[in-house]
Amino acid sequence: MSKTEFGKGCHLHLIDGSAFIFRAYHALPPLTRKSDGLPIGAVSGFCNMLQRYVEGNHGPDAPTHVAVIFDKGSHTFRNDMYDLYKANREAMPEDLRPQMPLTREATHAFNIACEEKEGYEADDIIATLAVQARAAGGRCTIISSDKDLMQLVGDGVEMYDAMKNKRIDRDGVFEKFGVFPERVVDVQALAGDSVDNVPGAPGIGIKTAALLINEYGDLESLLDRAEEIKQPKRRQTLVDKRDQIELSKRLVQLDEKTPLDFTLEDLEVRDPDPDKLLAFLAEMEFRTLTKRIADQLGAEAPTITDKVAPEAEAVTVEDIPFDATKYECVRDAVALLKWVDQIREHGWVAVDTETTGLNEMIVDLVGISLCVRAGTACYIPLTHRDGSADDLFGSDELAEGQMPLNEALDILKPVLEDPAILKIGQNMKYDSKIFKRYGVSVAPIDDTMLMSSAMHAGEHGHGMDTLSDRYLNHTPIPIKPLLGSGKSAITFDKVPIDEATAYAAEDADITLRLWQHFKPQLHRAQVTTVYETLERPLVPVLAEMEMHGIKVDREVLSRMSNAFAQKMAGLEAEIHELSGETFNVGSPAQLGEILFEKMGLEGGKKGKTGKYSTGADILEDLATEHELPRRVLDWRQLSKLKSTYTDALQTHINPDTGRVHTSYSITGATTGRLASTDPNLQNIPVRTEEGRRIREAFIPEPGNVLLSLDYSQIELRILAHIAGIDALKQAFADGLDIHAMTASEMFDVPLDEMTSDIRRQAKAINFGVIYGISGFGLARNLRIPRSEAQGFIDRYFERFPGIRTYMDDTVAFAKEHGYVQTLFGRKIHTPEMSSKGPRAGFAKRAAINAPIQGTAADVIRRAMIQMPAAIAHLPARMLLQVHDELLFEVPADHVDETIDVARCVMEGASDPAVKLDVKLTVDAGQGANWAEAH
DNA sequence: GACATCACG
DNA sequence: GACGTACGTGATGTCC
């Protein structure tokens, strides 16, 4: 094999292997190999990091040479100089030790050079190679954030912090040390390092060290001229501890002449051997990663055994009992700092906030609970009020024994924002919005609610009580007795601190246990990708949209409310006149009596409660013969618009922001769709002219416009792809009117002779197909005889036989597996599939619909997740999502650019995970309000 | 709190 | 052969 000589134009990547391993070990729960219980969490994380590294290595700056460098053994030449070097290092965790050789194997499996040398630290090898690369005229990037390596930066050598996605150059080093790389060892020699047990000069930290070095030029001059230092204590230290400081310098100085038995040329980038790589991953039983890499390499994924070692399963059972009396109430900084230490030790923490209500945009923070391992949790009360005080104003006084809110946040903020510490929550969107309002940006996160949704959508809800009952066999302390109900209900800040501690700390304890239960299961359920690409990344995106809100013009709504009230009064009088008595028009029961008893109209009883049904479709039929039903329909429309929209929306305008802030439920819909609440901004009227005008109240800030981009026929396009209907695909490719095309195919009418009525019928059929069509349903929708509707359906299946195959296959799959899947791997469980009677029909249709609706939901989720970065350079904001539509607010002079970018993201949202046979098309609209934009 | 009704995709 | 149905949501008002 001929090797390219390393030289100008070459780019060497050096990966700090030990850093990768420790980061992987602390970021993941203690995973074990299913078949024999071998600990493999760190190996798994390590492989994922390598994989992500390889994936990201394309483009102009790709490396030509690469190696992963490891530490070997614990005794190095530095121990010979100073026997206490790294003496206070904790022993390697028991479950990490057996994983060390596996990480080397993993590196070989990826066909990346893997180097280590007895007696030397990885840092020395890295230093030697970096210097060699520089000398040969090439460049070098050290993938690590270790400050000990910063002395190497400069002149073609850079560092890259993969975690923070940040390059570190000479300026970056200066930021960290206050000196440029060539003086870093001098500063380190003075400042010492408690982690590595480098003594340094007592009482001198990095800041002081940099100051001294910058003043005297370098360490040697400083020590020689130490007598000139003005501060007596500092002078004394430098004089007395000269030997210790010089030793420290030798300890931190990297050895750039490590003898190596390989050359730079040996590190040339090589493609992995698919067989070897996949065999290793399969041996580790990494199901998701094996499959993903197999797909990428175009190779077949090896099968992975499903057998479970009996002893391996037994140890996973959680035996620690819940005990609310063991929870700690943290009342001062000293106690809190102990918790911070524990959090840093573990690398993760379960967090829960207690607040004065449920609206994150309004409520106040009352307390915070933390948990680092099952049974070990605390509550930090912060703003509890003293309700027990006798004087009248007692309830406004802060209760005794709480640390100041700001002090607690100052201590917790670095932890909550630390990229190396995982914050675990149940519905973290809520807590991160609360924290955000107090200036804390929580990241990175895991969310047990989203994990449950990824694994169990369709099986049950994902609230904490449900999950705890189901998976921990423990019923949480109910909140009701603490807060009371009705008029006498209190807010959490009025709950006595001891009761609050038991309740709040338990929530964090439960959350941590759920996480430990769920995290290893994500892999087994094959939904890690769903969780990591479609669920978790949505949290910050939605949090930002919700907090930003949308401006609503109260005046417009108020005027409409008045107009509606007037019209309703008129209609009500007419209705009473026509019926001959005054009654509550809003009562379906009273209306039914009048229509079907007093007036004797046709259209009998229905409903389980024995009441007459007076739904819009029934009244619509009656309206052809009588005036009263029409009036009632009109009244109902106005009543709906007024109560649900023009009145209610006003109450949702936030007094501080003047905007309306909805809340999206990520797990609300089983299919993966979002749901919008408080208020629901996904059902603002649009279908009728009067209703549509409500959208005129949704407006941009002055100088801005509202921008609406929506997917055209996304569900039908996805159906065409999934069911493989060539005629439909072709029609979309040709940009045809899809409903007209369907009508033409079905009724043999040429497109140029199409009538709106025939097209309308075809449209109903197309939608019916998406919903799991039935003759009855179509008949009712089109108001045609059932036999005729059945004829349409038969004909449709004749013309598009692929549709029937899709439906049959989907139902069969659901029956066999108990779930169906979207194109992106989201699973929707169908537990009702095995039931008998009418429920089976529902389950069937839901199973047919779920992959279509769910895939469309996945697509727009992907677009939303990409959007913030895509529009970061623009002054545009994403405000709302309405299933297939995204609404933006943008200054008028950036409209076209925003449309281009957002459309590009939306139309390409399925790439590269899924290659659709059908192009996705996005329509755009803009205007001075939502009615104009849509 | 169940139910009916109706707003959206 | 009868059953009793379009899929997915949330908010409101009535009535018990």
Item to check | Interatomic distance, Ile714(A) CD1 vs dC8(B) P [rounded to whole Å] | outcome: 20 Å
Checklist entry - Does Thr670(A) have a side-chain nitrogen or oxygen under 4.0 Å from the phosphate oxygens OP1 or OP2 of dG8(C)? => result no
Next on the checklist: Please determine whether side-chain hydrogen bond (donor to acceptor under 3.5 Å, both in side chains) holds for the pair Thr646(A) and Ser561(A), giving the CA-CA distance in whole Å, both sets of side-chain angles, and the decisive distance to 0.1 Å.
Outcome noted: CA-CA 6 Å; Thr646(A) 55; Ser561(A) 278; 2.8 Å; yes
Checklist entry - Gln881(A) side chain N/O closer than 4.0 Å to the phosphate oxygens (OP1, OP2) of dG9(B)? => result no
Checklist entry - So what does Gly841(A) touch, heavy atoms closer than 4.0 Å: a base, only the sugar-phosphate, or nothing? => result nothing
Next on the checklist: Rounded to whole Å, please give me the gap between CG in Leu674(A) and P in dG8(C).
Outcome noted: 16 Å
Checklist entry - Touch check for Gly668(A), heavy atoms < 4.0 angstrom, all strands: base, sugar-phosphate only, or nothing? => result sugar-phosphate
Checklist entry - Quick one: is Arg673(A) getting a side-chain N or O under 4.0 Å of the dC8(B) phosphate, OP1 or OP2? => result no
Next on the checklist: Closest approach to the side chain of Tyr771(A), judged atom by atom: which nucleotide of dG8(C), dG9(B), dA7(B) is it?
Outcome noted: dG9(B)
Item to check | Whole angstrom value for the distance that separates C1' of dG8(C) from CZ of Phe767(A) | outcome: 13 Å
Checklist entry - Which is true for Ile852(A) with a 4.0 Å heavy-atom rule: it touches a base, it touches only sugar-phosphate, or it touches nothing? => result nothing
Checklist entry - Does the dT5(B) base have a donor-acceptor partner in the side chain of Arg636(A) within less than 3.5 Å? => result no
Checklist outcome for this item: The nucleotide from dG10(C), dC6(B), dG8(C) with an atom nearest the side chain of Ala675(A) is dG10(C)
Next on the checklist: Regarding Glu627(A) and Arg630(A), does a basic nitrogen lie under 4.0 Å from an acidic carboxylate oxygen?
Outcome noted: no
Next on the checklist: Using 30° and 60° as the class boundaries, would you call the ring planes of Phe767(A) and His739(A) parallel, tilted or perpendicular?
Outcome noted: tilted
Next on the checklist: Using a heavy-atom cut-off of 4.0 Å across all strands, would you classify Glu885(A) as base, sugar-phosphate, or nothing?
Outcome noted: nothing
Checklist entry - So, is Asn584(A) near the phosphate of dT14(C), with a side-chain N or O under 4.0 Å from OP1 or OP2? => result yes
Item to check | Among dA6(C), dC8(B), dG8(C), the one nearest Thr671(A) by side-chain distance | outcome: dG8(C)
Item to check | Options dG9(B), dT9(C), dT5(B), nucleotide nearest the side-chain atoms of Pro588(A) | outcome: dT5(B)
Item to check | Between C1' of dG8(C) and CD1 of Ile860(A), the distance in whole Å | outcome: 15 Å
Next on the checklist: So Asn781(A), base contact, sugar-phosphate only, or nothing? Heavy-atom distance under 4.0 Å.
Outcome noted: base
Checklist entry - Base, sugar-phosphate, or nothing: which does Asn680(A) touch, judged by heavy atoms less than 4.0 Å apart? => result sugar-phosphate
Item to check | Touch class at under 4.0 angstrom, heavy-atom based, for Ala648(A) against every strand present | outcome: sugar-phosphate
Checklist entry - When we call it a touch if two heavy atoms are under 4.0 Å apart, what does Ala764(A) touch: a base, just sugar-phosphate, or nothing? => result base
Checklist entry - Do the side-chain N or O atoms of Ser774(A) get closer than 4.0 angstrom to the phosphate oxygens (OP1, OP2) of dC7(C)? => result no
Checklist entry - How is Phe842(A) classified with respect to the nucleic acid when contacts are heavy atoms under 4.0 Å: base, sugar-phosphate, or nothing? => result sugar-phosphate
Checklist outcome for this item: From CD of Gln853(A) across to P of dC8(B) the rounded distance in Å is 17 Å
Item to check | Watson-Crick/G-U partner (both atom distances under 3.5 Å) of dC3(C) | outcome: none
Checklist entry - Below 4.0 angstrom from OP1 or OP2 of dA6(C), is there any side-chain N or O of Arg845(A)? => result no
Item to check | Criterion salt bridge (Lys or Arg N to Asp or Glu O under 4.0 Å) on Glu572(A) and Arg631(A), from CA distance to verdict | outcome: CA-CA 8 Å; Glu572(A) 196 171 334; Arg631(A) 297 282 191 282; over 6 Å; no
Next on the checklist: Taking the six-membered ring for Trp, are Phe792(A) and Phe797(A) closer than 6.0 Å centroid to centroid?
Outcome noted: no
Next on the checklist: Students often get this wrong, so: under 4.0 angstrom with heavy atoms, is Glu715(A) touching a base, only sugar-phosphate, or nothing?
Outcome noted: nothing
Checklist entry - Under 4.0 angstrom, heavy atoms only, what part of the nucleic acid is Thr614(A) near: base, sugar-phosphate, or nothing? => result sugar-phosphate
Checklist entry - Looking for any heavy atom pair under 4.0 Å, which part of the strands does Thr677(A) touch: base, sugar-phosphate only, or nothing? => result sugar-phosphate
Next on the checklist: It should be established whether Ser643(A) places a side-chain nitrogen or oxygen under 4.0 Å from OP1 or OP2 of nucleotide dA11(C).
Outcome noted: no
Checklist entry - Under 4.0 Å between a Lys/Arg side-chain N and an Asp/Glu carboxylate O for Asp923(A) and Arg903(A)? => result no
Checklist entry - What nucleic acid atoms does Ile773(A) come within less than 4.0 Å of, heavy atoms only: base, sugar-phosphate, or nothing? => result base
Checklist entry - What interatomic distance, in whole Å, is found between P of dC8(B) and the corresponding atom of dC3(C)? => result 34 Å
Next on the checklist: I'd like to know if the side chain of Thr644(A) reaches the main chain of Lys640(A), judged simply by a donor and an acceptor atom lying under 3.5 Å from each other, with no hydrogens or angles considered.
Outcome noted: yes
Checklist entry - Which is true for Pro838(A) with a 4.0 Å heavy-atom rule: it touches a base, it touches only sugar-phosphate, or it touches nothing? => result nothing
Item to check | Nearest-Å distance for atom pair CZ/C1', residues Arg786(A) and dA2(C) | outcome: 11 Å
Checklist entry - Which whole-number value in Å describes the distance from Leu638(A) CG to dT12(C) C1'? => result 15 Å
Checklist entry - Within 45° of the ring axis of Tyr819(A) and under 6.0 Å from its six-membered ring centre, is that where the NZ or CZ of Lys827(A) lies? => result yes
Checklist entry - What integer distance in Å separates Gln790(A):CD from dA6(C):P? => result 16 Å
Checklist entry - Looking only at side-chain N and O atoms, does Arg780(A) come under 4.0 Å of OP1 or OP2 in dA6(C)? => result yes
Item to check | Distance, P atom - from dG4(C) to dA4(B), rounded to whole angstrom | outcome: 15 Å
Checklist entry - Looking only at atom P, what distance separates dT5(C) and dC3(B), rounded to whole Å? => result 14 Å
